[in-house]
Novice: 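My questions all concern the structure below.
If you read the sequence from its start, that first residue is 1, and numbering goes on from there. Just follow the structure's listing: the first ligand is 1, and inside any ligand the first atom is 1. Any value given below was found using the heavy atoms of this structure, including those in side chains, with hydrogens, waters and symmetry copies removed.
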Amino acid sequence: MRLSPVATDVPRSGIRSFGDRAEGIAGPEPVIRLELGDPDFTTPAHISDAAARAVREGHTGYAKSSGVAELKGALADKLRARNGVAVAPEQVVITNGGTQALYLALLATLTPGDEVLVPDPGFPGYRTMAAAAGGVPVPYRLDPGDGFVPDAGAVAALVTDRTRVLLINSPGNPTGAVFPAAALQALLDLAEERDLWVVSDEVYDEMTFGRGHVSALALDHRDRVMSVFSFSKTYAMTGWRLGYLAAPAAAAATLPNLVLATVSCVATPTQLAGVTAVSGPQDAVAEMRAAYRARRDMAVPVLRAAGVPVHVPEGAFYLWIDVSGSGMSDMEFAGRLLEEHRVAVAPGTAFGDAGAGFVRVSLATAAGPLRTGVTRLAGLYAASAAARRAGPPPYAG
Ligand code: PLP
């Protein structure tokens, strides 16, 4: 029997495919895994304890599809205190990770065939989710020369009669760019002029190392903004599947119908753990942020000493590394690094065409293996670049 085009045409993530390849590598020494954005930290104990307590106390039934009221209230408080955004608890919808929030935001705004402007390079999920929601992803380029901050004028040139959504991401994966307020405002002004929804992916909102994060919801024209947040990265809770979306009141009243249609509700004990995560002590968040920053500050000089061009991230937890000077494509470079040096990184083209010649290294790995991994990467780069400079070997006859 035939499957639908939505099922068959949704592309597979290039990062996951590379991870599968890394798992297939045999040998005594383990492969150093730097390709995934999954924190090496475990969830802070007080959060896990809250989930265990919730289960023991019998909070094991369905929750409302919009989410547990206590969590929505705690998140409205968090949005006010940490993001400078005043929203009512009714404007918060609890979702199965940021992933479901993004997917439902697209499902709620797109009519099949509508275009979604997505960053390139950008999180691969945007393209798959837009396609799964019946939309057509249209990439807009993020340039190194602009610090990977989108240029509203260049984005405007891509808007057509079918464009419905502008998807933005700050702090950005894979680039680590944190948008200044003025650049964000220019994008919202464009959305206002061209009557677009803005889906703003802010899942790394608390992972910044210098300039603070500005939420799209804190600026003008917020009546057309849906902002997506997650517990995954902030609290090292990727496997719990807890995220949320803050949206204009009418959208927030409708979105729970889509939660109901897909997962009924997010697991009740997970939501109650979320209340503790967001309302309890935040020391663990500060410690993880400091660790990511220290890893960045350790790894960047290793790469620079070998002449590898690397963008210093201001947020999220990735290094976006230009390996084009090696003379290899990003796929070849990542392939050789894996096969010959046992280090897995994500090839840049997994993030879009503009990722050609780049690889992404995740800082969500302990400092020891991270140092070994980037040292091997730098070694492969330097040797290839030197061989390239020396030119082809003389003809031996
Ligand atoms: N958005 C970005 C930019 C990401 O990097 C990720 C995960 O890596 C997600 C969204 C999805 O995260 P989750 O569904 O775990 O909240």
Novice: Once ring-ring contact (aromatic ring centres under 6.0 Å, His included) is applied, what residue pairs with a partner in residues 33-89 remain, sequence neighbours excluded?
Specialist: F41-Y292
Novice: Starting from the N and O atoms of ligand 1, collect every protein N/O partner closer than 3.5 Å and put each pair on its own line with the distance to 0.1 Å.
Specialist:
from     : atom 1 : to   : atom 2 : distance (Å)
ligand 1 : 1 (N)  : D201 : OD2    : 2.6
ligand 1 : 5 (O)  : N173 : ND2    : 2.8
ligand 1 : 5 (O)  : Y204 : OH     : 2.8
ligand 1 : 8 (O)  : K233 : NZ     : 2.7
ligand 1 : 14 (O) : G98  : N      : 3.2
ligand 1 : 14 (O) : T99  : N      : 2.9
ligand 1 : 14 (O) : T99  : OG1    : 2.6
ligand 1 : 14 (O) : R241 : NH2    : 2.7
ligand 1 : 15 (O) : S232 : OG     : 2.6
ligand 1 : 15 (O) : R241 : NH1    : 2.9
ligand 1 : 16 (O) : G98  : N      : 2.7
ligand 1 : 16 (O) : S230 : OG     : 2.6
ligand 1 : 16 (O) : S232 : OG     : 3.3

Novice: Please name all residues satisfying ring pair (Phe, Tyr, Trp, His ring centres under 6.0 Å) with H213, sequence neighbours left out, ordered by chain then number.
Specialist: none
Novice: Report the residue from L106, T109, L110 that forms a side chain to side chain contact (heavy atoms under 4.5 Å, CB included) with W197.
Specialist: T109
Novice: Applying ring-ring contact (aromatic ring centres under 6.0 Å, His included) as the test, list every pair that has at least one member in residues 240-277; sequence neighbours left out.
Specialist: F229-Y244, F231-Y244
Novice: Please determine whether a side-chain nitrogen of the Lys or Arg among E90 and K72 lies less than 4.0 Å from a carboxylate oxygen of the Asp or Glu.
Specialist: no
Novice: So, E115 and R162, do they make that salt bridge, N to O below 4.0 Å?
Specialist: no
